[in-house]
There are 2 protein chains.
Amino acid sequence: MPTTSCGRTHDVYDASCPCRHMLDLLANKWSALALGALEDGPRRFGALRTKLDGVSPKVLTATLRRLEEHGLIDRTVYPAVPLHVEYSLTPLGRDACEPLALLRRWVVDNIERFPEAAVPAGARATSRAASGA
Amino acid sequence: MPTTSCGRTHDVYDASCPCRHMLDLLANKWSALALGALEDGPRRFGALRTKLDGVSPKVLTATLRRLEEHGLIDRTVYPAVPLHVEYSLTPLGRDACEPLALLRRWVVDNIERFPEAAVPAGARATSRAASGA
DNA sequence: CCATCTTAGTTCCCTTTGGATACCAGTATC
DNA sequence: GATACTGGTATCCAAAGGGAACTAAGATGG
């Protein structure tokens with residue numbers, strides 16, 4: 001059973017352990033993508049919106065706010081006109097990127113092993129990837 | 001840009017790439033916990049329900065079905081009485097456990113670094129971990 | 001002076017998913 | 001006949017996800 005420096009036991013399988021809450025935060029499609037998008041340096045809201053193909057502004061805002069609340073990213077407002085807002089990784093966020101990057105990478109590396117039937121139709125035929133980019 | 005053996009480009013950031021769908025499946029609290037719970041060998045529905053503290057039977061069923069559809073776990077029914085159903089990892093599922101285990105572990109190892117305010121009240125005070133187990 | 005463009009969101013509404021609780025089927029046992 | 005065990009459904013409600021339109025603030029430009 002994993003124990004931290006302060007001697008308390010932590011377990012993601014325990015619903016009342018803070019770990020569970022953090023796992024819920026990180027084991028999330030948009031969180032994993034947003035943190036990964038910030039690995040190469042700060043990005044603006046619009047850039048993230050473009051990078052995270054398919055995200056709605058509402059969900060992106062909610063995701064970024066949640067990551068900020070949990071100390072994984074910083075939100076910096078430059079009061080220029082037009083408004084300029086930059087999101088960047090905190091040290092904690094940068095560290096969290098490691099396991100998330102491995103997960104994203106594993107998916108890409110092993111996608112061919114998944115049964116065809118499991119992939120929804122829309123993602124097979126009309127995919128950018130399938131058009132031979 | 002990552003490329004697979006068949007030469008096609010895959011990118012989790014592309015909403016229409018099958019990768020995105022798979023990331024959505026794996027970057028999920030219950031999936032990450034369920035796969036991890038099967039690492040030490042097959043488990044029955046009831047055992048998973050106990051292990052995955054706080055999961056409702058409906059959600060557990062849905063999670064297991066989804067993992068089964070995507071070829072990550074096998075569902076074996078032993079027509080004994082009372083009914084006996086076992087869930088086990090497929091080779092693909094076993095491989096997927098690696099990055100997920102790293103993620104779960106990272107959370108446990110770094111939980112103390114998260115700001116206190118970010119942890120919901122219920123998880124701090126009345127936690128099993130806090131009671132000095 | 002008013003319309004337009006930009007960025008970074010918010011608001012609304014609807015659908016999907018998550019979650020809690022109750023209940024069911026099949027059979028063996030008491 | 002009542003009870004218990006396993007592995008789920010059924011039902012109901014709340015929360016989150018998602019699409020589209022709209023807002024704010026100020027520069028720009030006719």
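Throughout, protein chains are lettered first and strands after them, A, B, ... in sequence-line order, and every chain is numbered starting at 1.
- Nearest-nucleotide positions on DNA chain D for B/Y87 and A/A62 put B/Y87 closer to the 5' end.
- For A/L26 against A/S31, the heavy-atom pair with the smallest separation is O-CB, 4.3 Å.
- A salt bridge does not link A/R20 to B/D53: none of the charged nitrogens lies less than 4.0 Å from a carboxylate oxygen.
- Here the P atom of nucleotide C/dG9 and the CG atom of A/L64 are 8 Å apart, to the nearest Å.
- Aromatic ring orientation, A/H21 versus A/H70: tilted (interplanar angle from 30° to 60°).
- For the residue pair B/Y87 / B/R43, no side-chain donor-acceptor distance below 3.5 Å is found, with atom types taken as modelled.
- Among the heavy atoms of the strands lying under 4.0 Å from B/V59 is at least one base atom, whether or not backbone atoms are also near.
- Note: CZ (B/R75) to C1' (D/dG7) measures 8 Å, nearest angstrom.
- Looking at heavy-atom distances under 4.0 Å, A/Y78 makes no contact with the nucleic acid at all.
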Give every pair of a protein N or O atom and an N or O atom of nucleotides 20-30 of chain C that lie under 3.5 Å apart, one pair per line with the distance.
| residue | atom | partner | partner atom | Å |
| --- | --- | --- | --- | --- |
| C/dA20 | OP2 | B/G54 | O | 3.4 |

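- OP1 or OP2 of D/dG18 sits under 4.0 Å from a side-chain N or O of A/W30.
- Within the structure, every side-chain polar atom (N or O) of B/K29 is placed at least 4.0 Å from both OP1 and OP2 of C/dT17.
- Listed here is the closest heavy atom pair of B/R94 and B/E39: NH1-O, 3.5 Å.
- Following rounding to the nearest Å, A/R65 (CZ) and C/dT10 (C1') show an atom-to-atom distance of 10 Å.
- Here the side chain of A/R49 pairs no donor or acceptor atom with the backbone of A/V55 at under 3.5 angstrom.
- In this structure, A/R113 places its CZ atom where more than 12 heavy-atom neighbours from other residues, nucleotides or ligands lie under 6.0 Å away.
- A salt bridge does not link B/E69 to B/R75: none of the charged side-chain nitrogens sits closer than 4.0 Å to a carboxylate oxygen.
- The interatomic distance linking A/L60 (CG) with D/dA16 (P) rounds to 17 Å, in whole Å.
- The bend of the helix from C/dC1-D/dG30 to C/dC30-D/dG1, defined by the angle between the axes of its first five and last five pairs, stands at 30° to the nearest 10°.
- The minimum heavy-atom distance between A/C19 and A/V12, with the atom names listed, is CB-CG1, 3.7 Å.
- Under the 4.5 Å side-chain heavy-atom criterion for Ile, Leu, Val, Met, Phe, Trp and Tyr, B/V85 and B/L89 are members of the same hydrophobic cluster.
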Legend entry - side chain to side chain contact (heavy atoms under 4.5 Å, CB included) between B/L33 and B/T63, intermediate numbers included: CA-CA 10 Å; B/L33 291 172; B/T63 302; over 6 Å; no
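- Spacing between atom CG of A/L33 and atom P of D/dG18 amounts to 11 Å, rounded to whole angstrom units.
- Taking a 4.0 Å limit (strictly below) on heavy-atom distances, residues 39-47 of chain A reaches DNA chain C at A/R44, A/F45, A/G46.
- Within the 4.5 Å cutoff, the side chain of A/H10 has heavy atoms near those of the B/E112 side chain.
- Using a 4.0 Å heavy-atom cutoff across all strands shown, A/R66 reaches no nucleic acid atom at all.
- Of the side-chain N and O atoms in B/N28, none sit less than 4.0 angstrom from OP1 or OP2 of C/dT17.
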